[in-house]
There are 2 protein chains.
Amino acid sequence: MIDLRNISYFSKLSDDEIGVIKKYSVFEEFDAGDVIYYEDEKPVYLFVLIKGSVDLYKTNLKGKQFYIYHINAVDLLGEVAAFSDITYLVTAECATKCTVLKIDYSKTGKFFCDNPYLCRELVKSLYERILSLVNAVDDSSLKTKERVAKYIIQESASFKDKTYTEISKKLNMTPETLSRVLNEFKKRAYIEIDDHHEITFIDEEKLKNLGS
Amino acid sequence: MIDLRNISYFSKLSDDEIGVIKKYSVFEEFDAGDVIYYEDEKPVYLFVLIKGSVDLYKTNLKGKQFYIYHINAVDLLGEVAAFSDITYLVTAECATKCTVLKIDYSKTGKFFCDNPYLCRELVKSLYERILSLVNAVDDSSLKTKERVAKYIIQESASFKDKTYTEISKKLNMTPETLSRVLNEFKKRAYIEIDDHHEITFIDEEKLKNLGS
DNA sequence: CGGTCTCTTGATTGTTGTCAAAGGCGGTGG
DNA sequence: CCACCGCCTTTGACAACAATCAAGAGACCG
């Protein structure tokens, strides 16, 4: 089993504190595609993502998913809902196999807020959420071409590891639209894409200036 | 001049602490329309909005504003940028006459994070930002009709105090589109609007179920 | 009473989603 | 080894949506 001491959040806690967390928490494994929690559920646990990565999205009334952001281990999960006593704001779905520490925060909650070190970690985590959310809001006001351009510039390295269908989900557009946009970029000689989805930039400047 | 003791954030501080803040802060008055800070600027101050209300928005490369959210006194302003050492994420523009306390956080910053009471206030403020941002992301995935419906249900009271042009800005749509949507709602007998922009709901259920 | 701003309406355009069809590719089971 | 299935991708045709452009009517203010 994983030693709590090895988790960065807890490395500076006293033995007593570690003991409390140990007592009220349990490790759980998830497969890719599993949902850790659903939006609008009442939070039961605070999660610490120990291994793997998780996609966060919202689902609208028609069942359509709107992708918001992505977090990698090690990070807090569900902390906003847990500590502010509201339902989960988003749905957390594993993008890969994940190991998660589930903490019964009703027993340890005070703890997190009162311990200065943990509180600072919490603030840091909240900052990151805010950055990601501002980024998501920003993206939502972009045209699809701009969104695709931004994505391929930022994520060119991992581009070849994903299907276009997966990428289109993260970009909140249809695979058809993504295909057409990439095609246009190729025709205009902004990029080249080989048979293995490997991407090469020919005119990165033009891509960057799409939105101006 | 306003006594720092009367500001909720500071009411529980010691005399010494109040002294430090007093030493490194100054009050400033803004008129409606004035900008307190611009996105991408390096933060110099942490602000506490003492009186009035402020709109937060992002401006894209083409100069188009994308409205994000609104805050009312008393609240923190610019705290994310100030404490995480990045540029301001959004532009803060006064919606009304405002009184703002400008704090030189480079002198008092540690203070905020170390004082358990202030730190908790900071966390609370960050939660609120996150809620507003998730709400903004959510809205951005709605159709204009749904966005208008949501707005008039939530803001029916203040509806008559604003011009349609102002409202359309907050809804991130053009005045023409807003006018057409309201017209459709009237034709379908969901709402009535009198000469003074006073709104009456006739079929609120239909409005709520637009998105399903 | 002239000017500015708001609101409305029509016509048009650009963008993106939807639907449908077809080809490719990989895996599976007979 | 081949037939088949399922998924991904591409392409075309089309529809829905919302912005833009343009014009005109009305309200408010100096």
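To find a chain, count down the sequence lines: A is the first, B the second, and so on, and within it residues start at 1.
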Phosphate OP1/OP2 of [N]: any [X] side-chain N/O under 4.0 Å:
X       : N      : answer
T163(A) : dC7(D) : no
H197(B) : dT6(C) : no
N183(B) : dT9(C) : yes

How long is the line joining [atom1] of [X] and [atom2] of [N], in whole Å?
X       : N       : atom1 : atom2 : answer
I167(A) : dT10(D) : CD1   : C1'   : 15 Å
K162(A) : dT9(D)  : NZ    : C1'   : 18 Å
I193(A) : dT9(D)  : CD1   : P     : 11 Å
L171(B) : dC7(C)  : CG    : C1'   : 16 Å
L210(B) : dC17(D) : CG    : P     : 11 Å
H196(A) : dC8(D)  : NE2   : P     : 19 Å
D195(A) : dT9(D)  : CG    : C1'   : 13 Å
E166(A) : dC8(D)  : CD    : P     : 8 Å

| query | Just wondering, are more than 12 heavy atoms of other shown residues or ligands nearer than 6.0 Å to NZ in K186(B)? | reply | yes

| Flag if over 12 foreign heavy atoms under 6.0 Å of NZ, K58(A) | yes

| Cationic tip of K102(B) above Y45(B) ring, under 6.0 Å, 45° of axis | yes

| task | Please determine, by modelled atom types, if T87(A) and E39(A) share a side-chain donor-acceptor pair under 3.5 angstrom. | result |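 No donor-acceptor contact under 3.5 Å links the two side chains.
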
| message | Using 30° and 60° as the class boundaries, would you call the ring planes of Y37(B) and F47(B) parallel, tilted or perpendicular? | response | parallel

| Hey, what's the ring geometry for F83(B) with Y105(B), parallel, tilted or perpendicular (30° and 60° as the breaks)? |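 It falls in the perpendicular class, over 60°.
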
| task | Using a 4.5 Å cut-off on heavy atoms from C-beta on, say whether the side chain of K150(A) contacts that of L142(A). | result |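 L142(A) reaches K150(A) side chain to side chain.
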
| remark: With sugar-phosphate taken as primed atoms, P, OP1 and OP2 and all else as base, the protein-contact string of nucleotides 15-24 of chain C at under 4.0 Å (heavy atoms; B, S, -) is -SSBB-----

